[in-house]
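Please read the structure below before turning to the comments.
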Amino acid sequence: MTTSLVWFRNDLRLHDHRALSRAVQQSDQVACVFVVAPSAFERTSFGYERVGPFRLQFLRESLIDLRDNLHKIGGVLHVVVGEPEIVLPRIAADIEASTVYCHQEYATEETTTQTRLESSLCESGCSLEVSSANTLLEADDLPFPIDELPELFTHFRNKIEHRTEVLSPLAAPTRVPRLDEKTSAKIPDQPIDSIDLLCRNPSRDDDQATYVDRAVLKFVGGESAGLARVDDYLWKSDCLRTYKETRNGMIGANYSSKFSAWLAMGCLSPRKIYEEVLRYEKERIRNESTYWMYFELLWRDYFAFVVAKHGQHVFQVGGLRQESLDWNQDTAWFDAWRKGKTGYPLIDANMRELEETGFMSNRGRQNVASFLTKNLGIDWRMGAEWFESLLIDYDPCSNYGNWNYVSGVGNDARSFRWFNPIKQASDYDPEGSYVKHWIPELASVPSDKVHTPWKLSQEEQHRYGVVIGDHYPAPLVDLFQSADVQKQRFMKARSHR
Ligand SMILES: Cc1cc2nc3c(=O)[nH]c(=O)nc-3n(C[C@H](O)[C@H](O)[C@H](O)COP(=O)(O)OP(=O)(O)OC[C@H]3O[C@@H](n4cnc5c(N)ncnc54)[C@H](O)[C@@H]3O)c2cc1C
């Protein structure tokens with residue numbers, strides 16, 4: 001009788017689950033285990049909850065969905081509390097598993113855990129088999145070793161495109177043989193709803209109406225909801241055909257795919273999405289938009305590989321370039337930024353959306369990250385940690401990789417690039433609908449004035465019911481002067497390299 005254990009990590013799905021499929025092929029009985037690690041719920045270095053309310057709820061829902069889907073094909077999800085490298089070897093020994101199967105992750109903490117797990121399993125004669133299925137491409141299939149990954153995305157793309165194949169996703173297993181009752185009783189699992197760490201925050205159901213009204217989408221965790229979203233975005237709403245034109249939007253469910261939350265928790269496999277895109281190209285249309293979905297998923301892969309190459313540097317203040325920049329940690333300015341009170345409506349609307357819903361568009365993320373680092377000169381890690389806490393789609397590689405990139409300590413070819421939020425607002429929110437949606441204080445200000453409220457005369461302020469400095473803040477800094485100060489700092493630091 002061969003027994004194996006599948007360790008579910010950020011891969012809470014049954015389709016394209018190489019680890020589970022391998023275990024089912026190789027074993028007579030399979031224990032499916034998810035480990036709730038207390039260390040993953042600690043506070044970040046600047047003191048924020050590592051897993052804020054949106055992701056916590058999404059995680060709970062994803063686990064429940066996985067439990068129910070496994071149940072339908074005979075399997076059982078055992079949810080246990082503890083550090084994986086400690087509890088998994090114990091469970092493996094108790095149930096006499098010969099192999100533990102899991103998926104590769106790239107972020108430093110996750111790889112450290114995996115290495116520790118491997119060595120403790122090895123001591124007890126159990127092996128660890130690691131597959132890859134959370135990226136489009138496999139790191140091992142790249143036409144270069146990971147430490148020769150190009151520092152620029154374009155070079156990476158040119159090297160792999162048309163050369164490295166995206167593997168087809170695996171179908172979900174039709175049957176997962178569960179452990180016999182006696183063996184199963186040896187696993188110290190707990191019902192999902194009884195685990196304090198998972199139920200810390202009250203459900204948002206109480207204020208669901210307001211939340212759903214204002215959010216771009218009601219994100220529901222789990223593979224079932226993730227697959228339904230793919231079906232909806234591609235097939236029912238037919239939005240993929242115009243994705244390239246709409247993807248820089250900020251209002252509504254369909255300007256972009258919103259796949260990120262399901263991808264981050266592994267409820268969706270990127271290869272499954274890619275397969276659907278290919279089918280869409282065959283059955284509906286193949287155009288720049290369909291290509292662009294692949295292009296964006298490739299960015300996601302790229303950041304995973306960047307972290308695989310540069311490891312912990314991506315999470316440190318100097319970033320992967322190991323830049324010595326003179327950041328400040330001004331808490332008053334930082335609080336103004338995170339609470340949406342900088343006086344720049346585009347920045348404030350985005351930060352309020354993040355805090356109220358756990359989501360922000362890509363356009364918004366680029367702008368707020370640029371403002372924090374290139375105008376306020378604040379330590380980019382404070383922003384990255386705030387995102388880590390709140391984002392429903394938080395993914396360590398994409399988050400820290402993008403923060404490195406935007407703040408200037410990562411892979412950006414241009415020396416000092418910043419986003420002018422007034423210009424960005426006029427390009428991407430010309431009517432001011434987005435800022436009015438999130439900043440009710442500015443609701444009556446005409447569209448052509450809403451992005452620069454500090455220019456309103458006393459009489460206009462009175463007319464539109466908003467007193468600057470009272471109802472809505474005056475700008476925290478002058479845009480051009482502050483960017484210039486930061487630029488000098490950057491240039492000085494670079495000249496010393
Ligand atoms: C400062 C900053 C922090 C970010 N943090 C995260 C994060 O923690 N998790 C995360 O998934 N994305 C992050 N992103 C990338 C991007 O903003 C989101 O992936 C995107 O907004 C999610 O919306 P969507 O699924 O509708 O994207 P779509 O436009 O529909 O794109 C499809 C998919 O492509 C991938 N993708 C798109 N853009 C990027 C990108 N720039 N980098 C990596 N992958 C991308 C995502 O998986 C996304 O779901 C960050 C970007 C910035 C600038």
Side-chain angles (χ1 to χ4, degrees), residues 10 50-52 54-55 58 106-107 134-136 153 156 216-217 219 226 229-230 232-234 239-240 242-274 276-277 289-307 314 319 337 350-351 353-354 357-374 380-412 417 419 424:
N10 288 310
R50 273 185 83 173
V51 185
F54 307 105
R55 204 156 72 257
F58 197 86
Y106 293 100
N134 281 339
T135 41
L136 279 181
F153 172 75
F156 162 73
V216 283
L217 188 74
F219 288 95
R229 175 64 190 163
V230 176
D232 191 20
Y233 188 74
L234 268 67
C239 292
L240 185 58
T242 51
Y243 167 68
K244 187 156 185 266
E245 293 91 69
T246 60
R247 70 190 186 91
N248 279 309
M250 289 183 286
I251 297 187
N254 288 342
Y255 62 81
S256 65
S257 72
K258 313 295 183 306
F259 294 157
S260 54
W262 289 284
L263 281 165
M265 222 161 261
C267 305
L268 280 177
S269 146
R271 295 172 193 170
K272 174 70 186 167
I273 297 174
Y274 184 64
E276 288 293 300
V277 171
S289 285
T290 57
Y291 170 77
W292 219 259
M293 180 56 66
Y294 161 75
F295 178 91
E296 293 298 345
L297 289 171
L298 214 51
W299 263 110
R300 181 176 173 276
D301 271 26
Y302 181 60
F303 283 125
F305 300 145
V306 163
V307 171
V314 178
W337 177 81
N350 274 288
M351 294 309 296
E353 179 183 9
L354 174 65
T357 72
F359 191 81
M360 189 195 289
S361 67
N362 187 54
R363 183 58 38 193
R365 295 181 205 204
Q366 290 178 316
N367 272 280
V368 302
S370 165
F371 187 79
L372 186 79
T373 55
K374 306 284 176 68
W380 66 271
R381 294 170 308 164
M382 294 169 77
E385 287 189 9
W386 184 243
F387 268 37
E388 173 171 354
S389 177
L390 286 178
L391 277 179
I392 196 162
D393 63 15
Y394 168 70
D395 166 89
C397 305
S398 291
N399 189 53
Y400 282 83
N402 272 289
W403 272 97
N404 267 235
Y405 186 91
V406 181
S407 66
V409 298
N411 345 49
D412 190 350
R417 195 163 73 107
F419 288 76
Q424 291 277 312

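Ligands are counted one by one from 1 in listed order, and the atoms in each one are counted from 1 as well.
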Closest protein heavy atom to atom 6 (C) of ligand 1, given as residue, atom name and distance to 0.1 Å = R365 NH1, 3.3 Å
ask   = How many angstroms lie between atom CZ of F153 and atom OH of Y302, to the nearest 0.5 angstrom?
value = 8.5 Å
task = Determine, using ring centers only, whether F259 and Y233 are less than 6.0 Å apart.
result = yes
task = Would you kindly specify which portion of L263 sits under 4.0 Å from ligand 1, judged on non-hydrogen atoms: side chain, backbone, both or neither?
result = side chain
task = Could you check atom 43 (C) of ligand 1 against the protein and tell me its nearest heavy-atom contact, residue, atom and distance included?
result = S398 OG, 3.6 Å
request  = Return the residue, atom name and 0.1 Å-rounded distance of the protein heavy atom closest to atom 30 (O) of ligand 1.
outcome  = S257 OG, 2.6 Å
task = Counting heavy atoms only, name the option from S260, G249, A264 that's nearest to atom 22 (C) of ligand 1.
result = S260
query = Is there a salt bridge (Lys or Arg N to Asp or Glu O under 4.0 Å) between E296 and R247 once you walk through the steps?
reply = CA-CA 10 Å; E296 293 298 345; R247 70 190 186 91; 2.9 Å; yes
ask   = With backbone taken as N, CA, C and O and side chain as the heavy atoms from C-beta onward, which portion of R247 lies under 4.0 Å from ligand 1: side chain, backbone, both, or neither?
value = neither
task = Around atom 33 (C) of ligand 1, find the nearest protein heavy atom and jot down its residue, atom name and distance.
result = L297 CD2, 3.9 Å
inquiry  = Between W380 (side chain only) and V406 (backbone N and O only), is there a donor and an acceptor less than 3.5 Å apart?
reply    = no
task = State, to 0.1 Å, how close S361 and Y255 come at their nearest heavy-atom pair, and which atoms those are.
result = CB-OH, 3.3 Å
query = Quick one: nearest non-hydrogen protein atom to atom 37 (C) of ligand 1, plus distance?
reply = E296 OE1, 3.4 Å
message = Check this for me: does any side-chain nitrogen of one of D393 and R365 sit under 4.0 Å from a carboxylate oxygen of the other?
response = yes
key: Nearest neighbour in protein (non-hydrogen) for atom 24 (P) of ligand 1   = K258 N, 3.5 Å
query = For ligand 1, does E388 get within less than 4.0 Å through its side chain, its backbone, both, or neither, judged by non-hydrogen atoms?
reply = neither
request  = Identify which of V406, L390, N402 has a heavy atom lying nearest to atom 2 (C) of ligand 1.
outcome  = N402
message = Applying a heavy-atom cut-off of 4.0 Å, say which part of F359 lies close to ligand 1: side chain, backbone, both or neither.
response = side chain
task = Classify the side-chain pair N134/Y106 by whether it contains a donor and acceptor separated by less than 3.5 Å.
result = no
request  = Hey, could you give me the CG/CG distance between N399 and L391, rounded to the nearest 0.5 Å?
outcome  = 6.0 Å
inquiry  = Which residue and atom name correspond to the protein heavy atom nearest atom 9 (N) of ligand 1, and how close is it?
reply    = D393 O, 2.8 Å
ask   = Cut-off 3.5 Å, side chains only: do S256 and K258 have a donor facing an acceptor?
value = yes
key: Side-chain donor/acceptor of R55 to backbone N/O of E388, under 3.5 Å   = yes
message = Counting non-hydrogen protein atoms only, what is the nearest one to atom 3 (C) of ligand 1? Give residue, atom name and distance.
response = N399 OD1, 3.5 Å
request  = For ligand 1, note which part of D395 has a heavy atom under 4.0 Å away: side chain, backbone, both or neither.
outcome  = both
remark   = Under 4.0 Å between heavy atoms, the region of Y243 that gets near ligand 1 turns out to be side chain
request  = Could you check which of S256, A253, G401, A261 puts a non-hydrogen atom nearest to atom 26 (O) of ligand 1?
outcome  = S256
